[in-house]
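As the structure is a computational prediction, the values presented were derived from the model and not from experiment. Letters A, B, ... are given to chains in the order of the sequence lines, protein chains preceding strands, and every chain is numbered from 1.
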Protein chains: 2
Amino acid sequence: MQDDVLSRTFSALADPTRRAIMARLVLGEASVSELAEPFDMSLVAVSKHLKVLEGAGLISKGREAQWRRCRLEAMPLKELDDWLETYRRFWSESLDKLESYAANLKQRRNDNERDE
Amino acid sequence: MQDDVLSRTFSALADPTRRAIMARLVLGEASVSELAEPFDMSLVAVSKHLKVLEGAGLISKGREAQWRRCRLEAMPLKELDDWLETYRRFWSESLDKLESYAANLKQRRNDNERDE
DNA sequence: CCATTATTTAACCTATAAGTTAATTAACTT
DNA sequence: AAGTTAATTAACTTATAGGTTAAATAATGG
């Protein structure tokens, strides 16, 4: 894997299991086994996924007795959001196009109705 | 690679070369060789990167004589932006915390100055 | 038709991602 | 001290990502 921050972030989030873990952590902190519970894979595998997320700074772990409480860390997501900034105008444009296309279509349909 | 849309998008953007290509395409359409020019790798390698981006729906290619004009397609990025929505409050929260921390710090500094 | 330019496909190499099971570490419980 | 629970580390397998060079395809221009 690359060592730049964005690459790590994108790469970490490219896996659906890891995105599911992130989604779970929105609801609050959780231990490794709690996080692993919904998945049809070994605890070890989930532990590795957590390591990847941690490596990307997307989660952090705190020790508490024999548990490791995982929590979501959002800063890399903010950087992702910042990266997106450059591209935002593109889908606004596309939406504008789609909008005007729809408006156009509606207009023509109205015209046709008038002709009938 | 996974076959869901988000995984493809994240995965495609996890590579710095591919993000650089995207950044280039913000400036306008370009042929494969034009896109390959800045990179220290074979044209074939870039062509493959383009294939990945195309597979993720992030670019499209049009034929024009012997050239393939590549253009940015933003819809997958919009989906990524939508995905981020869930997490936005987290970094706003962090920013709020950071803000109040900074405010606190400033306040204390002022207090100290008054004491001097 | 032949040569040139642009791009893709094929065949290959190497590193690594994502999973497995078995063994280890660490802290709590009795 | 011994047993239990939580999590990680180690060793291994398999698939795929990202690069290479050489060959094939496609369109243009003499």
- Does A:Leu13 belong to the same Ile/Leu/Val/Met/Phe/Trp/Tyr cluster as A:Leu6, with side-chain heavy atoms less than 4.5 Å apart forming each link?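 Cluster IDs for A:Leu13 and A:Leu6 match.
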
- Message: Mind checking if A:Thr17 touches a base, just sugar-phosphate, or nothing, with heavy atoms under 4.0 Å?
- Response: nothing

- Query: Looking across every strand, which nucleic acid part, if any, lies under 4.0 Å from A:Arg69 by heavy atom: base, sugar-phosphate, or nothing?
  - Reply: nothing

- Who pairs with B:Trp67 by ring-ring contact (aromatic ring centres under 6.0 Å, His included), at least two apart in sequence or on another chain? none

- Item | Considering all heavy atoms, the nearest A:Arg8-A:Gly55 contact | CD-O, 3.8 Å

- Note on the structure: For B:Glu73 and B:Ser60, the nearest pair of non-hydrogen atoms, with its separation, is OE2-OG, 2.7 Å

- Note on the structure: CG of A:Leu84 to CZ of A:Phe90, rounded to nearest 0.5 Å, is 12.5 Å

- Task: Measure the CG-CZ distance between A:Leu25 and A:Arg69 for me, rounded to the nearest 0.5 Å.
- Result: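 Between A:Leu25 CG and A:Arg69 CZ, I get 10.5 Å after rounding to 0.5 Å.
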
Without decimals, in angstroms, what is the distance between [X] [atom1] and [N] [atom2]?
X: B:Arg18; N: D:dA17; atom1: CZ; atom2: P; value: 9 Å
X: A:Leu13; N: C:dA17; atom1: CG; atom2: C1'; value: 15 Å
X: A:Met41; N: D:dT14; atom1: CE; atom2: P; value: 19 Å
X: A:Arg8; N: C:dA17; atom1: CZ; atom2: P; value: 10 Å
X: A:His49; N: D:dT8; atom1: NE2; atom2: C1'; value: 15 Å
X: A:Glu34; N: D:dT5; atom1: CD; atom2: C1'; value: 13 Å
X: B:Leu43; N: D:dT20; atom1: CG; atom2: P; value: 10 Å
X: A:Leu35; N: D:dT8; atom1: CG; atom2: P; value: 11 Å

- Can you give one letter per nucleotide of nucleotides 21-30 of chain D, 5' to 3': B if a protein heavy atom sits under 4.0 Å from the base, S if only from the sugar-phosphate, - if neither? BB----SS--

- For B:Arg88, enumerate each residue passing the salt bridge (Lys or Arg N to Asp or Glu O under 4.0 Å) test, keeping only those at least two apart in sequence or located in another chain. A:Asp81, B:Asp81, B:Glu85

- Can you check whether B:Lys51 has a side-chain N or O nearer than 4.0 Å to OP1 or OP2 of C:dT9? yes

- Query: According to the Watson-Crick and G-U wobble definitions, with both distances under 3.5 Å, which nucleotide is paired to C:dT16?
  - Reply: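 Across all strands, the one nucleotide that pairs with C:dT16 is D:dA15.
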
